[in-house]
Amino acid sequence: MKELNRREFLTLTGAAVVALSLAGCGGGSSTPPAPPASESKEMALFKAINEVWYEVNKEVAPNPSFDICKSVVYCQEAADLAKFTASPFETYEPEVDEEDYRRWNLPDDVFREYQRRESEMIEEIRKKYGNGSYRGTGGVSNSTHDGMQLKQLYPSNPSEVREFVRSLAGGRGLASPHPEQWMIGLYCPTIKGKTYTVAVMVNFAPI
């Protein structure tokens, strides 16, 4: 994880935000793993997240200092960053390849270039949406070349979607003075037969 130690969130050019704001108080009956052929895994999961977003955040933070957003909107820049963050895992073979544990180790020069581009993309988000807008990348451990790892499997049922949202909400829930401006980007690569999820959270913060 990176940034936001109190909200540890369990991606290759900037584009405009796709304002797909959906109602956030649904009953959690949607299951995301088999979207229609015309719908990506990311959009299916995005919809499932919004069905339980408000309810789960209220459970995490029953008395927040600020309002909890009813739903999140999809942010293309955040999705581009999520995709880039996962790119080494799709490009290189893991150093350790076990069914329940895979670890990637990049050459130092490759890893330094990866970190440089990742930092540039985060800074592009900050310039567009505000200095405090990038709130974290979840589902991946990539802060060191020694042991990079995808950590979040694609939620395959409503209960797993709720647990994923709970991990995004952290210990206090995602509340804000401008709750309608929370955004998310998702990338869900399938690697060696398993589908993972990388999520980037952004909160429009023009400061």
Side-chain angles (χ1 to χ4, degrees), residues 1-12 28 30-35 39-53 55-57 59-60 72 74-92 94-106 114 118 121-122 125 134-174 182-203:
M1 298 292 172
K2 34 166 82 30
E3 290 210 354
L4 273 200
N5 49 14
R6 69 183 179 88
R7 298 190 187 100
E8 301 214 301
F9 301 125
L10 252 209
T11 119
L12 269 128
S30 175
T31 302
E39 183 175 51
S40 68
K41 299 187 296 290
E42 289 81 5
M43 285 297 102
L45 180 56
F46 172 66
K47 291 177 181 179
I49 286 170
N50 262 326
E51 290 191 8
V52 299
W53 182 267
E55 182 183 347
V56 171
N57 272 272
E59 292 173 359
V60 173
V72 286
Y74 204 76
C75 176
Q76 187 60 49
E77 291 90 349
D80 290 342
L81 176 55
K83 183 174 182 177
F84 178 79
T85 301
S87 61
F89 305 96
E90 296 181 291
T91 305
Y92 298 93
E95 183 182 54
V96 176
D97 187 7
E98 301 170 358
E99 184 175 354
D100 295 324
Y101 176 73
R102 293 189 170 111
R103 185 179 70 191
W104 277 255
N105 209 343
L106 301 182
Y114 169 76
E118 183 185 44
M121 296 180 77
I122 291 172
I125 289 174
Y134 170 72
R135 307 309 293 266
T137 299
V140 60
S141 173
N142 67 340
S143 58
T144 173
H145 67 278
D146 182 16
M148 296 172 62
Q149 190 178 8
L150 291 169
K151 304 175 74 172
Q152 174 66 52
L153 289 172
Y154 189 84
S156 61
N157 57 58
S159 176
E160 290 180 2
V161 172
R162 292 179 67 89
E163 286 304 310
F164 180 51
V165 172
R166 187 171 285 109
S167 72
L168 294 175
R172 297 187 178 185
L174 297 182
W182 273 102
M183 299 177 283
I184 191 171
L186 298 165
Y187 185 60
C188 304
T190 298
I191 299 171
K192 293 184 176 291
K194 289 187 176 182
T195 301
Y196 299 88
T197 299
V198 178
V200 172
M201 296 302 301
V202 174
N203 185 22

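In terms of heavy-atom proximity, Tyr74 sits nearest to Glu42 at OH-CB, 3.8 Å. For the residue pair Pro94 and Trp104, the shortest heavy atom distance occurs at N-NE1, 3.6 Å. Shown here for Pro88 and Thr85, the closest heavy-atom pair between the two residues is CD-O, 3.4 Å. Residue Ser141 comes nearest to Phe89 through the heavy atom pair O-CZ, 4.5 Å, listed as atom of the first residue, atom of the second, then distance. Between Lys41 and Tyr154, the shortest heavy-atom distance links the atoms O-OH, 2.7 Å. Residues Pro189 and Glu90 share a closest heavy-atom pair of CB-OE2, 3.5 Å.
With rounding to the nearest 0.5 Å, the separation of OG1 in Thr195 from CG in Leu153 is 8.5 Å. Rounding to the nearest 0.5 angstrom, the gap separating the CG atom in Leu186 from the CE atom in Met201 is 9.0 Å. If you take CD1 on Ile49 and CD on Glu51, they are separated by 11.0 Å, rounding to the nearest 0.5 Å. Of the inter-residue distances, the one linking Tyr187 atom OH with Ser87 atom OG reads 8.5 Å to the nearest 0.5 angstrom. Taking CD1 from Ile191 and OG1 from Thr91, the interatomic distance works out to 9.0 Å, rounded to the nearest 0.5 Å. The distance from atom CD1 of Ile184 to atom CG of Asn203, rounded to the nearest 0.5 Å, is 12.5 Å.
Inter-residue side-chain proximity for Pro158 and Val52 is flagged as unmet; no heavy-atom pair is nearer than 4.5 Å. Under the 4.5 Å side-chain criterion, counting only non-hydrogen atoms from C-beta, Thr137 is not in contact with Asn142. Looking at heavy atoms from C-beta onward, Tyr101 lies in side-chain contact with Gln149 at the 4.5 angstrom threshold. In this structure, the side chains of Glu77 and Met183 stay at 4.5 Å or more apart for every pair of heavy atoms. Side-chain atoms of Met148 and Tyr92, non-hydrogen and from C-beta on, never get closer than 4.5 Å to each other. Side-chain contact between Arg102 and Leu150 is absent, with no heavy-atom pair separated by less than 4.5 Å. Counting heavy atoms from C-beta outward, Val165 and Asn57 have side chains that approach closer than 4.5 Å.
Taking the six-membered ring where the residue is Trp, Tyr114 and Phe84 present parallel rings, their angle staying beneath 30° rather than reaching 60°.
Formation of a donor-acceptor pair under 3.5 Å by the Lys192 side chain with backbone atoms of Glu99 is not found in this model. Counting only distance, with no hydrogens or angles, the side chain of Tyr196 and the backbone of Ala86 share no donor-acceptor pair below 3.5 Å. Judged by distance alone, the side chain of Trp53 and the main-chain N or O of Val72 form no donor-acceptor pair under 3.5 Å.
With Arg166 as the partner, the salt bridge (Lys or Arg N to Asp or Glu O under 4.0 Å) test is satisfied by one option alone out of Glu59, Glu160, Glu55: Glu59.
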